[in-house]
Number of protein chains: 2
Amino acid sequence: MTSQAADEPETVAASRRSKITPEREREFFDAVLEQIRECGYESVTMEGVAASTRCSKSTLYRQWRTKPQFVAAALRASRRVRFAGIDTGSLAEDLRQAARAAGDWSGKDTKLLQALGHAWTADKELAEALREALVNPEIAALQDMLARGVARGEVRADHPALEYIPAMMFGVLRIRPVLSGQYADADYLARFVEATVLPALGLT
Amino acid sequence: MTSQAADEPETVAASRRSKITPEREREFFDAVLEQIRECGYESVTMEGVAASTRCSKSTLYRQWRTKPQFVAAALRASRRVRFAGIDTGSLAEDLRQAARAAGDWSGKDTKLLQALGHAWTADKELAEALREALVNPEIAALQDMLARGVARGEVRADHPALEYIPAMMFGVLRIRPVLSGQYADADYLARFVEATVLPALGLT
DNA sequence: GCGTATCGGTACGAAGACGTATCGATGAGT
DNA sequence: ACTCATCGATACGTCTTCGTACCGATACGC
């Protein structure tokens, strides 16, 4: 989405004339994100990533200049939209399915966001990568979901709760480990949607 | 709580025969918490705290053995209950006031929680101190507030939304910076309560 | 097939932080 | 008034990490 080599035939996400295949690159990215989840951003070392992927530190530094740039690249590459494809024709049912979908990956993403800790507030590139990869796509998908409900007349367009639904959904994901020491699973999120989100929207 | 000199007359929170007054101790604690908020837990150094408080590194290490223990002590000492004292006789009004109260300190506490990042999930003592200082008291006060509302008959005791109110309130505090890049202020929280919390509780 | 650039491995330098030790000065308790 | 523990300052050792440099080997492009 950011920069595209217009006339390269195959996937060139990596760099210029690198021998690193996209699969290999994904190994690097998966490794660093996993180590961030386990040890926190600050404690992750390039040596550690190199060791766990059996590559050389030189290779990592050749491809990505610094650790923040490397992590930002890994974040961007991990972009996926979990809420995509949910469209049952009913807003309430969409939200229920979204809750279940979110519950399935909440552990990994919440842990990642938590483990990035202070780093993403200090490093502009990390912050941008984070929003681009984990935040904006989900928000957009969720808002599409809500917009469809509005279009179908299930909720009035000026319903005051509409703008807070993303904050409710993602907020509870993020706060659950703090409050009760465990990640929000699909069941918890489903009950949460049933007990608060739907009533707030007047969907009973 | 851990070890107590049973027959010391005055405030002995610090240690045995230290020359550090409680006011001086609070300077240390304020300094380290502020540096955590600004730089993140990992980047805070004992040297930095010593320099900013014009004390010696030796003093810090004499009083608190290690950096995690020092930070945990600072967290515990910062324990305050912001929701205490809110009791208007109406649950809806209590929640509105709680929202405004929370908005006033949300920046500092949210930043602190964010800046502690992965550390508090890794260090059991930090986690305990954090819950003891910032989480449990607020949760308890909020639940008291809800319990009073139930006792007054404003909400049924088995209302399904009841158990999620703390998660809603604190979740939105914690997620706002991620979603929109700014901390939740009093106005935002007030609108949030009006638009989602009260309707979810059936308080219109 | 050949040249060349990248790969993996490792050694290296610089920087910073933790935690300890030493040392003179100062202030509290008797 | 005296003693002595603690204070502030600073130097030190150790460890870790970032990021670079070098080195032979290997695999891709022509």
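Chain identifiers are assigned alphabetically (A, B, ...) following the order of the sequence lines, protein sequences preceding nucleic acid strands; residue numbering begins at 1 within each chain.
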For A:Glu42 and C:dA17, give me the distance from atom CD to atom P, rounded to whole Å.
-> 12 Å

When you measure from the side chain of B:Ser56, which nucleotide among D:dG8, D:dG19, C:dG8 comes out closest?
-> D:dG8

With the side chain defined as heavy atoms from C-beta on, B:Thr59 is closest, among C:dG9, D:dT20, D:dG8, to D:dG8

Reference residue A:Asp109; test salt bridge (Lys or Arg N to Asp or Glu O under 4.0 Å); the match among A:Arg80, A:Arg82, A:Arg79 = A:Arg82

D:dA21 phosphate, OP1 or OP2: any side-chain N/O from A:Arg62 under 4.0 angstrom?
-> no

Please confirm whether any donor atom in the side chain of A:Lys57 sits under 3.5 Å from an acceptor in the base of D:dG19, or the reverse.
-> yes

Nearest-angstrom distance from the residue atom CZ of A:Phe70 to P of D:dG19 | 12 Å

Write down the distance between CG (A:Leu60) and C1' (D:dC18), rounded to a whole number of angstrom.
-> 13 Å

Would you mind telling me which of C:dG9, D:dG19, C:dA17 lies closest to the side-chain atoms of A:Tyr61?
-> D:dG19

Have A:Ser56 and A:Ser58 got a donor and an acceptor in their side chains that come within less than 3.5 Å?
-> yes

State plainly whether the residues A:Glu128 and A:Arg131 are in salt-bridge range, i.e. N to O under 4.0 Å.
-> no

Between D:dC18, D:dG8, D:dC7, which nucleotide has the shortest distance from any of its atoms to the side chain of B:Cys55?
-> D:dG8

Just checking B:Thr66: base, sugar-phosphate only, or nothing, at a heavy-atom cut-off of under 4.0 Å?
-> sugar-phosphate

How long is the line joining CH2 of A:Trp64 and C1' of C:dC7, in whole Å?
-> 13 Å

Taking CD from A:Glu47 and C1' from C:dG9, how many angstroms apart are they, rounded to a whole number?
-> 13 Å

Atom-pair distance (CE on A:Met46; P on C:dG8), nearest Å | 13 Å

Would one find a side-chain N or O of A:Arg24 under 4.0 angstrom from OP1 or OP2 of C:dT6?
-> no

Can you tell me the distance, in whole Å, between the CD atom of A:Glu27 and the C1' atom of C:dG8?
-> 14 Å

Using a 4.5 Å cut-off on heavy atoms from C-beta on, say whether the side chain of A:Arg148 contacts that of A:Leu91.
-> no

Between B:Ile20 (CD1) and C:dT26 (C1'), how many Å, whole number?
-> 15 Å

Quick note, B:Thr45 side chain, CB onward, closest among D:dC7, D:dT20, C:dC18 is C:dC18

Report yes if a side-chain nitrogen or oxygen of B:Gln63 is closer than 4.0 Å to either non-bridging phosphate oxygen (OP1 or OP2) of D:dC7; otherwise report no.
-> yes

Counting only distance, no hydrogens or angles, is the base of D:dT6 paired donor-acceptor with the side chain of B:Ser58 under 3.5 Å?
-> no

Do the ring planes of B:Phe70 and B:Trp64 sit parallel (below 30°), tilted (30 to 60°) or perpendicular (above 60°)?
-> tilted

